[in-house]
Amino acid sequence: MSEPAIDQDPELANRLAWITKVRGLHRNKRVIGFAGIIAGAGMLLWWKMTPVAPDWAMWAGGGILALSWLVFVFVIYDRWRYVKNNPYKPG
């Protein structure tokens, strides 16, 4: 059997390593932001759809949603800034 293309082409291996590094930046923050967006939206839906839900659920859900979106947007911006400052250089 032939060897994988990555072993035969060091340029491809370098490019894939760079892409993997960029995709891995702030992975935990990204997941926390996404989970917070889902939780905040769920809390707001609970407040809106349930007549006996407390009023603090609206403020808590909105706060969680806003903070989570801020984290999510920060991660996107910081990854863009990293790629801009550290472009892939072949060789």
Side-chain angles (χ1 to χ4, degrees):
M1 286 178 49
S2 64
E3 294 182 17
I6 294 173
D7 292 339
Q8 296 174 1
D9 188 4
E11 173 65 25
L12 179 60
N14 288 340
R15 185 178 303 241
L16 288 176
W18 185 83
I19 290 171
T20 302
K21 178 173 177 65
V22 170
R23 290 182 75 194
L25 290 173
H26 304 294
R27 183 179 306 260
N28 292 338
K29 290 178 195 154
R30 200 169 64 230
V31 170
I32 289 170
F34 182 69
I37 290 168
I38 299 299
M43 191 173 262
L44 283 176
L45 283 173
W46 171 62
W47 171 77
K48 186 71 174 171
M49 301 293 185
T50 307
V52 295
D55 286 337
W56 60 262
M58 177 188 70
W59 297 106
I64 291 170
L65 197 59
L67 288 174
S68 299
W69 270 109
L70 285 174
V71 169
F72 203 67
V73 169
F74 165 76
V75 167
I76 292 170
Y77 171 74
D78 201 46
R79 284 174 63 181
W80 169 79
R81 196 176 66 182
Y82 177 84
V83 169
K84 183 179 173 190
N85 293 331
N86 301 299
Y88 175 72
K89 294 178 182 130

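Taking CG from Leu16 and CH2 from Trp18, the interatomic distance works out to 11.5 Å, rounded to the nearest 0.5 Å. Interatomic distance, Asn86 CG to Tyr82 OH, rounded to the nearest 0.5 Å: 4.5 Å.
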Considering only distance and modelled atom types, tabulate donor-acceptor pairs under 3.5 Å from the side chains of residues 51-77, sequence neighbours left out.
from, atom 1, to, atom 2, distance (Å)
Ser68, OG, Ile64, O, 2.8

Anything under 3.5 Å between a donor and an acceptor, one on a side chain of residues 26-44, the other on a protein residue two or more places apart or in another chain? List them.
from, atom 1, to, atom 2, distance (Å)
His26, ND1, Lys29, NZ, 3.2
His26, NE2, Asp78, OD2, 2.4
Arg30, NH1, Arg23, O, 3.3

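Not counting sequence neighbours, the partners of Arg15 by the salt bridge (charged side-chain N to carboxylate O under 4.0 Å, His left out) test are Glu11.
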